[in-house]
Amino acid sequence: MEGFGMLHSYENNNYDYYDYYDMYGNYINSNNGDTKTEFAVGISVGGKFISKKGFTTEIYLGVGRNLGGDNDSLEAVGRGGISLGYRF
């Protein structure tokens with residue numbers, strides 16, 4: 001079990017955009033999505049496994065909550081991973 005802090009960014013696609021062709025036949029993409037950067041804190045759980053021959057595997061999953069932000073921000077973020085290695 002561990003606590004973590006995560007600085008992350010994501011593209012905010014709030015779906016208030018539209019694509020269209022102008023009167024000259026040019027394709028116009030008016031995507032108003034922007035990139036947001038936020039900080040989250042949370043917890044993760046996982047395990048580390050070591051074989052008799054020295055190979056290691058670590059697996060973890062976690063969830064965190066964003067601090068601050070506005071009404072358009074994500075409320076929660078996920079974290080996970082698998083690590084493979086060799087101990088000598």
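By convention here, the first residue in the shown sequence is residue 1.
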Cut-off 3.5 Å, no hydrogens considered: what does the side-chain donor-acceptor table look like for residues 80-88, sequence neighbours left out?
none

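- Applying the side chain to side chain donor-acceptor pair (under 3.5 Å) rule to pairs touching residues 41-54 yields S44-R79, sequence neighbours excluded.
- Across all their heavy atoms, M1 and I43 have their closest contact at CE-CD1, 4.4 Å.
- Across every non-hydrogen atom of T57 and I59, the tightest pair is CG2-CG1, 4.2 Å.
- Scanning all heavy atoms of the two residues, the minimum distance from G78 to M6 falls at O-CE, 3.9 Å.
- Put simply, CZ on F39 and CG on N66 are 10.0 Å apart, with the number rounded to the nearest 0.5 Å.
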